[in-house]
**Q** 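My questions will all concern the structure given below.
Only this structure's heavy atoms are used, side chains among them; waters, hydrogens and symmetry mates stay out. In this text the structure is predicted, and so the values were computed from the model without any measurement.
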2 protein chains.
Amino acid sequence: MSSRITLKDLAKKLNLSPSTISRALADHHSIGEETKKRVREKAEEVGFTPNSIAASFRKKKTKSIGIIVPRIDVHFHSRVISGIEEFAYKTGYNVTIFQSKDSFVREKEITKILQNRMVEGIIVCLSIETQDYEHFKRFKKLGMPLVFYDRVPSSLDANKIIVNDFESAFTATEHLIKNNCKRIAHIAGSQNTDIFKERLKGYTAALKKHHLKIDPDLILPTNNLSYEEGVICANKYLEMESRPDGVFCANDYTAVSVIQVFRKAGINIPKDVAIVGFSNYPISGIIEPNLTTVNDRAFQMGEAAARLLTRQIEDEENYIGSEIITLNTELIVRESSIRKASNK
Amino acid sequence: MSSRITLKDLAKKLNLSPSTISRALADHHSIGEETKKRVREKAEEVGFTPNSIAASFRKKKTKSIGIIVPRIDVHFHSRVISGIEEFAYKTGYNVTIFQSKDSFVREKEITKILQNRMVEGIIVCLSIETQDYEHFKRFKKLGMPLVFYDRVPSSLDANKIIVNDFESAFTATEHLIKNNCKRIAHIAGSQNTDIFKERLKGYTAALKKHHLKIDPDLILPTNNLSYEEGVICANKYLEMESRPDGVFCANDYTAVSVIQVFRKAGINIPKDVAIVGFSNYPISGIIEPNLTTVNDRAFQMGEAAARLLTRQIEDEENYIGSEIITLNTELIVRESSIRKASNK
DNA sequence: CTGAAAGCGCTTACAG
DNA sequence: CTGAAAGCGCTTACAG
């Protein structure tokens, strides 16, 4: 019952050597077609399934990759994971997942577990607490391929998959300008994180290009861009003497808060104030008015990460690179930003 | 570089036998404290990390469990996975994920891969297409523990984690009745799936209990409870001569559609029509009015599945059970269903 | 086209 | 408290 049939057992039953069985099942060219057929049929008949752990051990290849994400149930990450799984599945890799829960300590614990050669490579989105990258440098020394995505280590030479945050923010802001906004506010993410710094920079650059005044009062930083923080920001804007006529939000949750708070205050979106978000969360297509937002290409990010990782795993020279892949986003224009009274 | 230090190498450096090293690192009671200390320090110094594949192979235990879900990026599943990962992490298991993409063929392919003893047990939510369970019966024969959750095989004796859908739907419907609804509609899920059958039954039973007429016209079935299908249902209700004054929706997406379509038609929620959803998706707390819904306990479901699975894996007698665990939900009452003119 | 033999890196029953 | 030895189930270089 619990002791299952082995390749050797199968060999005995067929009066062949284990070598031949192994080769036949691997469809090796040196084995005759009839033999292969006999072996396959017998294997099916007796219900033989190879012990992949033994094979992994012998070949020193587990065909499996690890993922460390802050939280699986954050929609962005689950989409990235889906992209990774899809690519991995097609190329014969398994995917083992760990969540750091945004804890630096737990992230380090996980990297310790992953040093044991269970996986051949790792894809990581850093925990929000992580400022020190020693635990990842060890992988480099060990020759373990590593790819970061989204929240990447700024000071570490490594493979990184990111989105062109600067350009995306620039385009989003310019879109508001083209829709006749003159006083454009920005709800920003944590300025400890590169991607949110870039979004802020893109916003500023667009204003500069179009000779609009940059008003520091209109730039409100948040810790984690939560819905609740969005509500607070929106109320601050409401209380201002000179309110903004456009808001570029660094994610969709805060954009939704702004829409709701403003509407409740009798402000028409987009007529009085135009809103643009970032991420293309499902809610952006449901909220009324529908939210103009930046498609963050999460699934493609996962695919790109998996592609880069497996390429490095399979690279003959065992070369551990530090490639940076920047994905282009697209602005999805919906109702929340279209102002009929457009200039030009 | 790529050939890493082994336990044997470490033994040589310390003039000890591999057996002793192995025991020392496993904190075996028969090894002296000084020896343990020496071994641990040397291991740290030379950067030895055990080859866990070799250990897995030797011990015939991989300490890893597999998950097959329709799609990782469906919020319900990502929350279940999060619960599984959390429990597994605490108990020293790894989690390997596969998505069936709701394809029967792909689900079968995945079960083939998982027969190779990579994982010690499997947690499954069936693909929507799956009607035949042969591929899972094989695991039973092989003595591989299996736990189903949410979409479970009705005709198969197996471990199952479900939610008390009947009672949840009953409570939700009764809540509408208590809020003075007399004509309560139901947007139902696919009647090929047990959980949606149960929700429909719970709805019907509540109406019966309170002597309300069951009007088949008010029960609208859908294929996958999508937002779009919800819009279609909502419009059908609008066109009726005698509109419903309450709607119990089998999930939150359709509930949100109804809210939006009705409001656009000038119907006040909850005054004219009260709405209840199912699942407690994030959007239920954001949509206006906030949606009353059933908390589906996804995270707890994942934890329960992982707990049951690991118990079976570690069960001495290798007993493969068929336990059914039913989790209780709770009704989260928000604005969308509170009618001031409530009868007692 | 097929086989004998070695060995991947651990763990553990057995012996002392 | 420590060690020698066997072996987990495969794969593959070598030989024929």
**Q** Check the distance between C:dG9's P and B:Leu10's CG and give it to me in whole angstrom.
**A**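 Distance check: B:Leu10 CG to C:dG9 P gives 14 Å.
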**Q** Which pairs pass salt bridge (Lys or Arg N to Asp or Glu O under 4.0 Å) with one or both residues in residues 68-77 of chain A, sequence neighbours excluded?
**A**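 Listed once each, the pairs would be none.
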**Q** Between B:Leu16 and B:Arg117, which residue's closest nucleotide on DNA chain D lies nearer the 5′ terminus?
**A**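 Here B:Leu16 is the residue nearer the 5' end.
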**Q** State whether a side-chain donor-acceptor pair under 3.5 Å links A:Ser103 with A:Ser100.
**A**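 Absent: no donor and acceptor within the cut-off.
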**Q** Could you pull out the protein-nucleic contacts involving nucleotides 14-16 of chain C (nitrogen or oxygen on both sides, under 3.5 Å)?
**A**
none

**Q** Suppose we screen for salt bridge (Lys or Arg N to Asp or Glu O under 4.0 Å). Which residues come up paired with A:Glu44, at least two apart in sequence or across chains?
**A**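 Salt bridge (Lys or Arg N to Asp or Glu O under 4.0 Å) check on A:Glu44 returns nothing, list empty.
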**Q** For residues 34-64 of chain B, pull every pair meeting ring pair (Phe, Tyr, Trp, His ring centres under 6.0 Å), keeping only residues two or more places apart or in separate chains.
**A**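 Those involving residues 34-64 of chain B are A:Phe57-B:Phe57.
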**Q** Apply side-chain contact (heavy atoms from CB on, under 4.5 Å) to B:Ser30 and list each qualifying residue two or more places apart in sequence or on a separate chain.
**A**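 With neighbours one apart ignored, the set is B:Arg23, B:His28.
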**Q** Any donor and acceptor pair, going by atom type alone, linking the side chain of A:Arg297 with main-chain N or O of A:Leu327 inside 3.5 Å?
**A**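 No, the answer is negative, given that no donor and acceptor are paired below the 3.5 Å cut-off.
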**Q** Given that both pair distances must be under 3.5 Å and the pair must be Watson-Crick or G-U, what runs of three or more consecutive pairs involve DNA chain D?
**A**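 In DNA chain D, stems of three or more pairs: C:1-3 with D:14-16, C:5-12 with D:5-12, C:14-16 with D:1-3.
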**Q** If I take atom NZ in residue A:Lys12 and atom P in nucleotide C:dA4, what distance separates them, rounded to the nearest angstrom?
**A**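 Rounded to the whole Å, the gap is 12 Å.
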**Q** Whole angstroms only, please: what is the NZ-P distance between A:Lys8 and C:dA5?
**A**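 Distance, rounded to whole Å: 13 Å.
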**Q** Measure CG/B:Asp9 against C1'/C:dC10 and give the value in whole Å, please.
**A**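 It works out to 13 Å between those atoms.
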**Q** Does B:Thr20 place a side-chain N or O at less than 4.0 Å from the phosphate oxygens OP1/OP2 of D:dG3?
**A**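 Yes.
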**Q** Just how far, in rounded Å, is C1' of D:dC10 from CG of A:Leu7?
**A**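 Checked: the CG to C1' distance equals 7 Å.
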**Q** Which of residues 28-56 of chain B have a heavy atom under 4.0 Å from DNA chain D?
**A**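 Correct list: B:Ser30, B:Ile31, B:Gly32, B:Thr35.
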**Q** Applying salt bridge (Lys or Arg N to Asp or Glu O under 4.0 Å), name anything that partners A:Lys8, two or more places apart in sequence or on another chain.
**A**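 Expected list: none.
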**Q** For D:dT2, does either OP1 or OP2 sit under 4.0 Å from a side-chain N or O belonging to B:Ser17?
**A**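 No.
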**Q** Just jot down the salt bridge (Lys or Arg N to Asp or Glu O under 4.0 Å) partners of B:Asp296, sequence neighbours excluded, or say none.
**A**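 Counting only residues at least two positions away or on another chain, B:Asp296 forms a salt bridge (Lys or Arg N to Asp or Glu O under 4.0 Å) with B:Arg79.
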**Q** Say whether B:Thr111 and B:Arg138, considering side chains only, have a donor N or O and an acceptor N or O under 3.5 Å apart.
**A**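 Per modelled atom types, B:Thr111 and B:Arg138 side chains form no pair under 3.5 Å.
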**Q** Output every pair passing salt bridge (Lys or Arg N to Asp or Glu O under 4.0 Å) with a member in residues 118-132 of chain A, not counting sequence neighbours, ordered by first then second residue.
**A**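 As it turns out, there is no salt bridge (Lys or Arg N to Asp or Glu O under 4.0 Å) pair with a partner in residues 118-132 of chain A once direct neighbours are skipped.
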**Q** Going by salt bridge (Lys or Arg N to Asp or Glu O under 4.0 Å), name the residues that satisfy it together with B:Lys13, two or more places apart in sequence or in a different chain.
**A**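 For B:Lys13, no residue satisfies salt bridge (Lys or Arg N to Asp or Glu O under 4.0 Å) once neighbours in sequence are set aside.
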**Q** Check the distance between D:dC1's P and B:Ile21's CD1 and give it to me in whole angstrom.
**A**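 Going from B:Ile21 (CD1) to D:dC1 (P), I get 16 Å.
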**Q** Counting just side-chain N and O atoms, does B:Lys60 come under 4.0 Å of either OP1 or OP2 of D:dG9?
**A**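 For B:Lys60, the contact criterion (side-chain N or O under 4.0 Å from OP1 or OP2 of D:dG9) is met.
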**Q** Just to verify, what does B:Ser52 make a side-chain contact (heavy atoms from CB on, under 4.5 Å) with, not counting sequence neighbours?
**A**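 In terms of side-chain contact (heavy atoms from CB on, under 4.5 Å), with neighbours along the sequence ignored, B:Ser52 is linked to A:Asn116, A:Met118.
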**Q** Between C1' on C:dT12 and CZ on B:Phe57, what's the gap in Å once rounded to a whole number?
**A**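 The answer, rounded to whole Å, is 15 Å.
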**Q** Just how far, in rounded Å, is P of D:dG9 from CZ of A:Arg4?
**A**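 Atom-to-atom, A:Arg4 to D:dG9, this comes out as 11 Å.
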